[in-house]
Amino acid sequence: MRRFPRSDRAALTAAAVLLTGCSAAGSTDPGRFDFKGGITGKGTGGRAAEAPVEAGKPGDADPASVGANELGAVPVLMYHRVTDEPLGVDDRTPEDFRAEMERLAREGYVPVTAREFTGGEMDIPAGAHPVVITFDDSQPSQFRLDADGRPDPGTAVGILLDVAERHTGFRPVATFFVNEDPFRDPGGRETLRWLHDHGFEIGNHTLRHTLLETAGEEWVRWDIAAIQWEIHKVLPGVPVVSMALPYGAMPSPRDLARSGEYAGVRYRHQGVYLAGAGPAPSPYDAGFDPGAIPRIRSQDDTGPDASYGSLAWLDRLADGTVERYTSDGDPERISFPRSWADRLGAAHRDAARPY
């Protein structure tokens, strides 16, 4: 088994005692974190419905008029560095990033956070499509503050804010999966607070960016719990419910990514994200797996695996090759063509509105 430094273990053990005030509401043990990651709204998970579903309430807006299909696919886009000098396929230039945000806005996408996606809280206008914008590794090119405490306009956050100002309804939100000293800000003391206060989500990417599939169980639990501990020193009481696996590699057993504990620091993730592949199923789809949610690498039509990059997938979603999630505008109902009824997870039958 891979071992971790004794000093790290001692520090984290001590922190479990010191941070008693950081537990989320509902904890039954005030000396330990107990983040429930409660799922609200339309909900998640479930298997295929085994009985016919009923139509929605009379008098509701007609979902057919906007082509609603809340069982369609959702693009979860994955970004790393945003830089003028890309060094690899994961890097995008600021111009590339701006162009992709502009395209999303033009095509009726509305950003939602990873927490909102897995929690079934995608309250977006009728006819709109959700998109989850995610950033890995907490690079300063994604976000940094200037001397006046404002986002640098050349960073991904600065660009996202600017695009949102130009396109009404395009929410400037994203999820940042962070590591130790995010954005080169010691402990994330300024950056994490700013992001949280402005509607962005902070997620877990492990403290040391460990390849979890090769790590021992104890190291896995330590590395996941350790970054949660660091986040909660800045954002006490704010649940961390989303995780992105470094390199997309699952630990063994895989359930360690969803929930666990180390030295009294508990973690529980309602969504665990992979490193790339294709669009994610709707959270109401019977096939949705919250422990292995696919993401799409932001990429143009050149380079390795370009057919699996964001340009290719957004084209397929736009032309209908892949049916995308289209909102009915009603956060209390799940609308879809009746021919899709067998795709609905059993846990969501009470909210179903087929047409």
Side-chain angles (χ1 to χ4, degrees), residues 1-17 19 22 32-35 37 76 78-81 88-90 114-115 118 134-139 142 175-184 186-188 192 201-235 239-277 280 289-295 297 305:
M1 176 186 293
R2 183 179 179 184
R3 303 300 297 176
F4 45 85
R6 185 180 300 275
S7 60
D8 287 337
R9 179 171 182 173
L12 194 52
T13 301
V17 177
L19 295 179
C22 300
R32 303 160 79 88
F33 290 106
D34 187 14
F35 296 114
V76 181
M78 178 182 68
Y79 298 90
H80 290 79
R81 293 199 314 158
V89 70
D90 285 328
R115 179 191 61 77
T118 56
T134 69
F135 295 90
D136 288 10
D137 304 346
S138 47
Q139 297 282 339
Q142 299 167 3
T175 297
F176 288 87
F177 295 112
V178 304
N179 307 113
E180 187 174 17
D181 293 331
F183 315 107
R184 297 182 188 166
L192 296 187
E201 180 187 8
I202 307 301
N204 192 314
H205 201 41
T206 76
L207 188 76
R208 300 287 173 80
H209 203 272
T210 298
L211 182 64
L212 297 180
E213 69 179 2
T214 64
E217 179 175 341
E218 194 172 18
W219 179 278
V220 170
R221 289 188 289 107
W222 172 81
D223 210 13
I224 297 173
I227 188 59
Q228 177 167 288
W229 172 52
E230 292 288 336
I231 293 168
H232 280 97
K233 287 195 291 185
V234 179
L235 301 173
V240 178
V241 299
S242 303
M243 179 184 182
L245 298 166
Y247 313 105
M250 282 283 184
S252 181
R254 60 174 281 173
D255 287 348
L256 286 175
R258 288 292 308 275
S259 62
E261 176 182 351
Y262 187 86
V265 179
R266 299 177 185 173
Y267 60 88
R268 182 175 181 181
H269 301 126
Q270 68 181 30
V272 174
Y273 291 79
L274 304 174
D289 180 358
I293 301 171
R295 291 189 290 170
R297 178 170 59 199
D305 300 321

What pair of heavy atoms forms the shortest contact from [X] to [Y], and how long is it?
X: V234; Y: G188; result: CG1-O, 3.7 Å
X: T210; Y: A215; result: CG2-CB, 4.0 Å
X: I224; Y: N204; result: O-ND2, 2.9 Å
X: A257; Y: V272; result: O-CG2, 3.6 Å
X: G187; Y: P182; result: C-CD, 4.1 Å
X: I227; Y: L207; result: CB-N, 3.6 Å

Verify the ring-centre separation between H205 and F176: is it less than 6.0 angstrom? no
Are the side chain of S242 and the backbone N or O of G271 linked by a donor-acceptor pair below 3.5 Å? no
Check whether any side-chain N or O of Q142 sits under 3.5 Å from a backbone N or O of F135 as a donor-acceptor pair, and report yes or no. no
Tell me, do [X] and [Y] make a side-chain contact under 4.5 Å, heavy atoms counted?
X: R221; Y: L256; value: yes
X: P290; Y: H269; value: no
X: V240; Y: Y267; value: no
X: L192; Y: F183; value: yes
X: R115; Y: Q270; value: yes

Suppose we screen for salt bridge (charged side-chain N to carboxylate O under 4.0 Å, His left out). Which residues come up paired with [X], at least two apart in sequence or across chains?
X: D181; result: none
X: E180; result: R208
X: D137; result: none
X: D223; result: none

What is the distance from atom [atom1] of [X] to atom [atom2] of [Y], rounded to the nearest 0.5 Å?
X: N179; Y: E230; atom1: CG; atom2: CD; value: 11.5 Å
X: D90; Y: Y79; atom1: CG; atom2: OH; value: 12.5 Å
X: Q228; Y: R266; atom1: CD; atom2: CZ; value: 11.0 Å

Mind checking what makes side chain to side chain contact (heavy atoms under 4.5 Å, CB included) contact with L274, not counting sequence neighbours? L245, M250, A292
Checking side-chain contact (heavy atoms from CB on, under 4.5 Å) for the pair R297/D305: CA distance, chi angles, key distance, verdict? CA-CA 10 Å; R297 178 170 59 199; D305 300 321; 3.7 Å; yes
Out of the candidates R81, R295, H209, only one should pair with D136 under the side chain to side chain donor-acceptor pair (under 3.5 Å) rule; please name it. R295
D289 meets the side-chain hydrogen bond (donor to acceptor under 3.5 Å, both in side chains) criterion, sequence neighbours left out, with R254
